[in-house]
Number of protein chains: 2
Amino acid sequence: MTRMMPSTDRSLPIALLRARERVMGPIRALLSGAGLTEQQWRVLRVVQESGPIDPTQIADKACLLLPSLTRILQKLEEKQLISRERDTEDRRRQVVQIAPAGEKIIADNLEASLELMEQTRLKMGVERYEALLDLLNELDRIDLPE
Amino acid sequence: MTRMMPSTDRSLPIALLRARERVMGPIRALLSGAGLTEQQWRVLRVVQESGPIDPTQIADKACLLLPSLTRILQKLEEKQLISRERDTEDRRRQVVQIAPAGEKIIADNLEASLELMEQTRLKMGVERYEALLDLLNELDRIDLPE
DNA sequence: CTGAATTACTTAACATGTTTAGCAATTGCA
DNA sequence: TGCAATTGCTAAACATGTTAAGTAATTCAG
């Protein structure tokens, strides 16, 4: 069973994709019940955890590009899950806050979402799961192209 | 250093995203020089490696959903990088093959692309890189929701 | 103090992701 | 044999990813 070029199997980019699909599938199913996409949920959670925060920082924490975030914030504001206002110090900036309806959606779904992740963690084995997280974080830190 | 909820740091979905961004950034830059997206490149490589193949199998190997693949194949056919014909046995199916211009694009970019992955592998350390691949593949196999 | 950078976001345009529908060819079973 | 599933792919609609441009507010050098 000789191994060819990094065909679909030993290819890191594909492996990362497949793994992500596996993990997110159930979570997406849960969130679609709440009428949220995975990204909207991520933004909502960041805003809730951090308190008042500006879009640039949200983008960083939620791993989104600003153009995507712009649209997502518009949607979340339409749905009245967040509120926005200009920063009084620096009027280029905004301050984003979670709204009551947003708090409620999080309260209604956080537990189930954490439970899904915990199941993954157990199915995979806690040690391997943690090792995987460490390796992923390391990859993110180390592979800085010149 | 107490650890909170799986905030942005120990969250597997986000870690997978960040890692993928880190790895794909340089590759995307390379491919954009050839006028290809990352997904188009993936499809092209699958078709080249496998020989004549149908869309369903391409989707599986390239980790794409069929609707995305439909559009990508249309683009690649427009650019004359692949050719398609109906399967004579089962006329629902297609047979996709790489075209000469497609072979050329691969010949022109494969080495540099493999080189980028090899750099990542070395920067991260070969052992950890392989361990990461194993863990990712394991995650893909093990976390089958009931 | 003033105009050239820079910063924080927004818009636009194109490609893909994701779900749901749809259509044609084929299978399976009564 | 006939017709209800099933299969393989496409279309459509909406959301995000990605890059490039654009805008307004701020900073900073001269």
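Lettering follows sequence order; numbering is per chain, from 1.
Enclosure of atom CD in B:E21 by more than 12 non-hydrogen atoms of other residues, nucleotides or ligands within 6.0 angstrom is indicated. Applying the 6.0 Å contact sphere to CD of A:E118 captures more than 12 heavy atoms from other residues, nucleotides or ligands.
One can place CZ of B:R91 at 10 Å from C1' of C:dA24, the figure rounded to the nearest angstrom. One can place CD of B:Q40 at 14 Å from C1' of D:dG17, the figure rounded to the nearest angstrom. Rounded to whole Å, atom C1' of C:dT16 lies 13 Å from atom CD of B:E21. At whole-Å resolution of the value, CG in B:L65 and C1' in D:dC14 are 15 Å apart. Atom P of nucleotide C:dG17 and atom CG of B:L16 are separated by 16 Å, given to the nearest angstrom. One interatomic measurement links the two molecules: CD1 of A:I58 to C1' of C:dA8, which rounds to 13 Å at whole-angstrom precision. Rounded to an integer number of Å, the gap from CD1 of B:I72 to C1' of C:dC14 is 13 Å. The CG-P distance, from A:L76 to D:dC14, rounds to 18 Å in whole Å.
A salt bridge is defined here as a Lys NZ or Arg NE, NH1 or NH2 lying under 4.0 Å from an Asp or Glu carboxylate O, and B:R10 with A:D134 meets this definition.
Under 3.5 Å, the side chains of B:D54 and B:Q57 contain a donor-acceptor pair of N or O atoms.
Of all nucleotides listed (C:dT16, D:dA15, D:dG17), C:dT16 comes nearest to the side chain of B:Q39.
Secondary-structure annotation of DNA chain C gives the stems C:1-30 with D:1-30, with a stem taken as at least 3 successive Watson-Crick or G-U pairs whose two distances both fall under 3.5 Å.
Atom CE of A:M24 is separated from atom CG of B:L16 by 10.0 Å, given to the nearest 0.5 angstrom. Note that CG of B:D60 and CG of B:L69 are 11.0 Å apart. Values are rounded to the nearest 0.5 Å.
In terms of hydrophobic clustering, with Ile, Leu, Val, Met, Phe, Trp and Tyr side chains grouped at heavy-atom distances under 4.5 Å, A:V46 and B:L12 are assigned to a common cluster.
Taking only side-chain nitrogens and oxygens, B:T37 comes nearer than 4.0 Å to OP1 or OP2 of C:dT16.
Annotation: salt bridge (charged side-chain N to carboxylate O under 4.0 Å, His left out) contacts involving residues 65-82 of chain B, sequence neighbours excluded, comprise B:E77-B:R84.
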Where along nucleotides 2-12 of chain D does protein come under 4.0 Å, by heavy atom, of base (B) or sugar-phosphate alone (S), with - for untouched nucleotides? -----BSSBBB
Before giving the answer on side-chain contact (heavy atoms from CB on, under 4.5 Å), spell out for A:M117 and A:V23 the whole-Å C-alpha distance, their side-chain angles and the decisive distance to 0.1 Å. CA-CA 8 Å; A:M117 285 314 301; A:V23 171; 3.7 Å; yes
